[in-house]
Structure formats: structure tokens, C-alpha cells
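Here is the structure we will look at, set down as C-alpha cells.
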Amino acid sequence: MTVSKRLLQHLPISHLPGLGDALAKKFNHLGIYTIRDLLLHLPLRYEDRSTYSPIAQIIIGEHTTVQGQIIKSEILFTKKRMLICTIRDESGIITLRFMNFYPNMQQNLATGKWVKAYGEVKKGKLYPEMIHPQIQVRDTPQAFTNLETEKYTPIYGATYGLTQTIIRKFIHLSLILLTRNPTEEIIPKQFIADFPSIEQALTILHEPPLDIDIASFEDSSHPAKKRLIFEELLAYQLSMQLLKSRNQSHLAIPMIVKNRFITPFLEALPFSPTRAQTRVVQEIWHDMALDKPMMRLVQGDVGSGKTLVAALAALNAVENDKQVVLMAPTEILAEQHYHNFTQWFTRLGLTINLLAGKLTAKQKRECYAKLESGETNILIGTHAVFVEQVKFAQLGLVIIDEQHRFGVDQRLTLWQKGIKDNRYPHQLIMTATPIPRTLTMTIYADLDISIIDELPPGRTPVTTVVLPNTRRDQVIERIEQACLTGKQIYWVCTLVEESEILSAQAAEVTYRELQQLLPNITVGLVHGKMKPQQKQQIMQAFKQGEIQLLIATTVIEVGVDVPNASLMIIENAERLGLSQLHQLRGRVGRGQATSHCVLMYQAPLSQVTKQRLNVMRDSNDGFVIAQKDLEIRGGGEILGTRQVGLADFRVVDLIRDQMLIHHIQKVAQYILKFQPDIALKFINSWLPERTKYINA
Ligand code: ADP
Ligand code: MG
């Protein structure tokens, strides 16, 4: 039986012996559904547990391995039952403490046995201790020399209820399965001659022997890592190029500017479009007038006025009796667009609807009905616009704001909703992610690109200062003064972990603290865990000046527009990436007043982090910042593209791997030209979802 052709694709993890429904659900939490997903769940890092330190030499706070003989093992009945196990080597003594233990664990850890324990060293009463270390128990010290210790121990991204041991076990089983069912090689040989096979590459990456230079995994110079990067990037390139060429063969409804709504709209607008906005709008209108679907990306720095560009594209579709859907990544942003569009367009007699989570079931049904009957001209929403009930009478234009928050496949799903009588809607995609052009052209290889390279007039650049947390009190004093002069302020709380719950809690603590310290100031709080309606109320109150100081998590990062806010404080700014900081800072400096941004950090800072914060201080230009970011990262600090919020790769980090892009583009061109039949098969092994859009 051939289990499957490439990478065991489509084979569900439940095929692995011992992996039942409950465990499968936990793996699903990590986005792992198939054995292929599991195999591509690469370790976050590796630990060398083969050697151990003499107990006398361990340092409090470090993660290390010790090995010794058990001299005492007892259960203590304090508040909670605890198993305490004392072990000794030639140099000293350490205690191991277990709060949760199995009934037979004390027997297993009987006096006289030998233990190898790995964990964080804590200060104990008499001896240093480890709490819940990972342990191996043997009858003699010689018995420890086994296979496991000749390899690095991989550490995986885990989730509640999935231990490292379980993940390792099933990955190991998957590797065995993969080795028995080797991946079919379909790439022309000349391109992969320098690489190991997929099976070898994955085995090395999951279970590296100790003689491997782990750094070569991280900087992706190791052939095993390169093999996977090559595959994933090639699949991505091929899929984008095929999407683009297939798109050329689709038909769209040509939309020619009639100026029925556009002229009165522009006349009523309190400002005129910038030259850059006008140019980009012309490019869009030109595309929309063709009978091929537009696929255009508008890239413009924060505050460059992308909403107006979207509005002018939307009006063109409406003038041509077609519907428009605008999708935003957050409720706050969708509501803000809804607010703007309603203000701008209601007097033109247009119907704008918001499909938000806060609607009741009845309101949603009404919304769906209006869409289907064609009453709605423009629909604005978040992911909610994906649901099956959303059916358009005649969708003509799909606009996606802040595209980096969505995957390519999400964008394409929405697009397909609009196919009618074999006519495809036009697509307009907007992003503020300031990334260098080569990367833009890779990530958005299926799109034509327009750039808004000018900010509206009258903006004063934001002055940025970098301060240590020790000066927090002074910053708070400054807030008080600023509020007295009528300024509005954002205070952004950041957290190391990407957890909405923890961030919300941290923001709440700061909120209460600042409320107490600043009794004369109206303080508000907004975070991702609030109900949409609550969030909207707070943002509205802030916009109207009722709230002076807004404590926020990074939920305000994308698109929020409150021109009167002119001071932003970002706590623990060192935790955020430069592009995220730039997005956040873009929330101020939108009005006439001079704006300030205070980046507070927790000392001590590494050299690289210091450099990065200084880049923020010295520049307000997204492209300059992005370029510097790349240069600094080149120096070693490697962040995933995921963190920058670009594309949904599993192995590839576009920033780290950019030197491979050119070569892979060439390979993609070769394949499409000489062996087009393998392209789809190959894409299907890496991006199974995407093939259906290519075949559409
Ligand atoms: P972004 O590109 O970040 O989405 P927005 O569309 O939110 O930017 O615009 C930022 C601010 O600039 C808004 O307050 C908007 O009204 C204003 N704005 C946009 N275009 C112009 C213009 N041509 N002249 C003056 N102000 C403008
Ligand atoms: Mg915007």
C-alpha cells in the first residue's frame, strides 16, 4: 500500500497508533490535523541533555541536568501532598520536588536508585531544588547511556495537556511512517542535488545528533533546513504565479467611472486627496474598467490615507450597480470604517451595513437578506463576512484592509463568493506593512502593486523618546500636564506572551493603577477580551474626547484613527517588533498638534534591542524602519515572519531566507515552462488548500 505520495499528505494524525480523539483535539489546538502538519511542527529550540553538571557547580536560575543517587524519598503532608526526593552526586546534594505524582512514583524513586533530572534550579531551604523536573530513573548510573542521550532534545510549541514527551513520541512515530513511505521526488533532480531527502531532512531537524551545529538550523544554512525552505518557498511561488496566470483568463465586469457619486463625494470632502492618493485611485479605476478581475495591492504607510482610496474604489463599483464588501481584521477597525463610510455616503443615498459579532441573530438575518436582495451597497465586516449565509446579489469589488492579518486563502475565499455567471469580482488589498520591495513581490506575487508614497499635508512627525522603566513616575506626571492642555493619550501595555487573556489582565492592572495615580483624569480601558460593543463604546468615547487617557493592549495597533490623540506611551517597548511599534506609533501624529511617543523599556537591554529602539527614535518612515530592521536582524536576532505578521509559512522566514528568493523564482519559472504538470502536484503537498483556488 502506498500511504500517500508526498509528505503523507492528508493522512490524519488519528492514524498514528495510540492517538485517540482526545489527544487529536489537543493537537488540533496547535493547528495540527494531519501527519504532515505534525512533521512540519518543527522544534522551537533544542537542548543538550546528554551531559550533566556536578551538583556543586549548578547556578540558581539555570536550566540544567544533574545526575545522582537517591538518598531519601519521602511524602510530605503539608498544605498539599508533596513528594520530596533527595539525590546526591560526588559533589553535592539537590532536592527534587513533585506536587502532582502518581501512586507508584515514590516506589519508582526509591532510595538507592539513580536519577537524571532536567529542570530549572531554584533556591531551596537546605539544598538547591528542582520543581517537577523531567526525570529518568535507572538502577545503575551505567544504564543511562542510551540513544536518547546521544541526540539533542527537541522542545516544541505545546499547549495545555500536551506534554513534550507526548509530542516527541508522535513525531517519532510519524518519522518512522515517513521513512517507510518515502516522499516522492518530483522536483527535477538538478535543483535538489545538494539537499538530503525529505525524510532525512525531517529526521535531522526533529532528532538532531549531537555533532550537529544547531546554529546552522537557526540561520537556515544547514542543508536539511534548506531543503524544507526550498520546498515551501517553491510551492508558494508556484501557487502565486499560477494564481496570477489563471486570473488573467477570468472575466470580470468592467466598471467605468460615471461620477454619479464620486463627484458629489469629493466636493463634500473637507480635504482634497493627495497626489499619491489620486495616482493610486487612477490605477485602480483603470484596472476596474477592464474585463479582467483587478488584483491590486495598495501599500501605504500608516496614516497615508488608504481609507479614502478604498472609498473611491467602492464608489466606482456602486456607480456601476455592483456591491462592495470591505473586510477588516478587527471589530474596532470594521466599526471605524463603518462609521466613516456612513458619514461619507449616507447623504448620497447609499446603504452601508456592518456585519459585526455584536448583532443579534435576527439583525444578522436581516443583514443577509438585504445583501441577497441587493439593497446593501457596501458591506463592512470582519471574518464574519466569510459565513455561508453571506450571499451577494451582485458583488463587484472585494476590499481587504490590513491584508497581513489574513491569509492568502481567506482573501481568495471571499473573492470566490462573488463569482456569478462566470464573472469574477475585482480585488483591492490594502496593507501598511512596510517591507522592502523584494519581499512584497514575493509575498504578493499574484498582485499588481500601487504605492501611496506621500502623507497628507500638515502632519508633524512624531517625536520619539526612549526611556527606562525607572522613569515611569516622571512619565505619569507628564501625562497629567498633557491632559490639562487638552491632549489625549494612549498608554499601550505589552506582554511577552501572545495571550489575549494575559494582556487583558496586565492592562487592567495598569488601568486601576493609573486611575488611582491620576484622579483628575478620565481614564479608559480597551482590550481584546472585551465585548465588541464595549470596545466600540470606549473607542467612541475616546474619539469624542470623553476619555483623556486610554489604556490599551496592542488591539489598537491596526488602523485606529483618533486625530486628537497626540501622546503615546508604550510600556516594555523592547518586547515588540519594529513594524509593530511603527504601526502603534502611527496612531498618533494624525492631527495638527505635535505628537510624542515614549518608548519605555525594562533595563538592561541587549545591544541589538538598544539599536532597534534607537531606529524608532530616529525615523518615522516605515520603509526606512523596515530596512534598518533587516540590517539589524542580520546581526543575529532572528524573528519569524509570523511575528512581523507576514504570510503563513511553516518553515520559511522570508526575512531570514530572502537570499534564496531569487533562485527559487528561477526554479518556479523553469517548472512552469518545462514541466507544468508537476506544479499542481507539488503545490498540493505543501498548500493543499490553495489548489482549489488555482483550479477555480
Ligand atoms: P491609513 O492609511 O493608515 O489607513 P487613514 O485612511 O486612516 O490612514 O487616514 C488617516 C487620517 O488621514 C484620517 O484621519 C483621514 O481622514 C486623513 N486623511 C486621509 N487623506 C487625507 C488627505 N488627502 N488630506 C488630509 N487628511 C487626509
Ligand atoms: Mg487604515
Side-chain angles (χ1 to χ4, degrees), residues 262 265-282 284 296-315 326-345 378 380-382 399-406 428-435 449-462 488 490 539-540 542-545 554-566 568 579-593 595 597 620-623 625-626 645:
I262 290 169
F265 166 68
L266 284 175
E267 276 168 9
L269 199 67
F271 47 77
S272 27
T274 60
R275 250 173 318 169
Q277 283 169 323
T278 307
R279 176 176 40 78
V280 169
V281 169
Q282 291 299 339
I284 292 169
R296 188 165 285 279
L297 174 79
V298 171
Q299 195 177 31
D301 209 346
V302 284
S304 61
K306 291 184 291 296
T307 316
L308 178 63
V309 169
L312 287 164
L315 281 184
L326 167 59
M327 185 167 72
T330 64
E331 298 247 351
I332 290 183
L333 195 50
E335 279 154 7
Q336 182 180 292
H337 283 320
Y338 175 68
H339 184 80
N340 278 334
F341 278 34
T342 311
Q343 268 197 333
W344 285 339
F345 298 156
I378 300 175
I380 296 172
T382 56
I399 305 176
I400 300 195
D401 194 14
E402 306 295 353
Q403 153 72 31
H404 64 286
R405 291 305 175 103
F406 300 103
L428 179 64
I429 289 117
M430 304 197 289
T431 177
T433 312
I435 47 168
I449 298 169
S450 292
I451 298 174
I452 312 182
D453 50 4
E454 177 186 7
L455 292 181
R459 299 273 173 85
T460 38
V462 182
Q488 283 182 280
Y490 292 103
M539 288 313 295
Q540 210 47 44
F542 188 54
K543 207 161 190 163
Q544 282 160 5
T554 49
V555 292
I556 57 151
E557 170 192 339
V558 270
V560 171
D561 185 40
V562 180
N564 193 47
S566 60
M568 172 173 281
S579 78
Q580 211 180 357
L581 283 173
H582 180 64
Q583 291 277 338
L584 276 170
R585 184 174 60 180
R587 304 303 118 221
V588 293
R590 297 183 157 233
Q592 299 299 318
S595 294
C597 178
N620 273 295
D621 181 324
F623 280 99
I625 292 172

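Whatever order the structure lists ligands and atoms in, that order sets their numbers, starting from 1. All values below come from the heavy atoms of this structure, side chains included, with hydrogens, waters and symmetry mates left out. Sequence positions, counted from 1, serve as the residue numbers for this chain.
Those atoms of ligand 1 that come under 4.0 Å of a heavy atom in S272, given as number and element, are 22 (C), 23 (N), 24 (N). Here is the list of ligand 1 atoms found below 4.0 Å of a heavy atom in V302: 3 (O). Every atom of ligand 1 is numbered from 1 in the order shown, and the set under 4.0 Å from a heavy atom of T274 is 23 (N). Those atoms of ligand 1 that come under 4.0 Å of a heavy atom in G305, given as number and element, are 1 (P), 2 (O), 5 (P), 6 (O), 8 (O), 9 (O), 19 (C). Per-residue contacts place T307 under 4.0 angstrom from the following atoms of ligand 1 (heavy atoms of the residue considered): 4 (O), 5 (P), 6 (O), 7 (O).
A side chain to side chain contact (heavy atoms under 4.5 Å, CB included) with L312 holds for exactly one of L266, I284, T278; it is L266.
Counting heavy atoms from C-beta outward, Q343 and H339 have side chains that approach closer than 4.5 Å.
Between D561 and R590, at least one side-chain N (NZ, or NE/NH1/NH2) sits under 4.0 Å from a carboxylate O, which counts as a salt bridge.
Proximity of M430 to ligand 1, defined as any heavy-atom pair under 4.0 Å, is not found for any part of the residue. Using a 4.0 Å cut-off between heavy atoms, D561 contacts ligand 1 through its side chain alone, with no backbone atom that close.
Residue contacts with ligand 1 include P273, since one of its heavy atoms falls under 4.0 Å from the ligand. Residue contacts with ligand 1 do not include A432, since none of its heavy atoms lies under 4.0 Å from the ligand. R459 counts as a contact of ligand 1, since one of its heavy atoms falls under 4.0 Å from the ligand. Assignment of G458 to the shell around ligand 1 is not supported, since no heavy atom sits closer than 4.0 Å.
Side-chain N or O atoms of K306 include one that pairs as donor or acceptor with a backbone N or O of G300 at under 3.5 Å. Looking at Q277, its side chain does come within 3.5 Å of a backbone N or O of G305 through a donor-acceptor pair. Counting only distance, with no hydrogens or angles, the side chain of R459 and the backbone of G303 share a donor-acceptor pair below 3.5 Å.
Considering only residues two or more places apart in sequence or on other chains, F345 meets the ring-ring contact (aromatic ring centres under 6.0 Å, His included) condition with F265, F341. Among residues two or more places apart in sequence or in another chain, the salt bridge (charged side-chain N to carboxylate O under 4.0 Å, His left out) test is passed with R275 by E454.
Not one N or O of F271 is nearer than 3.5 Å to an N or O of ligand 1, by distance alone.
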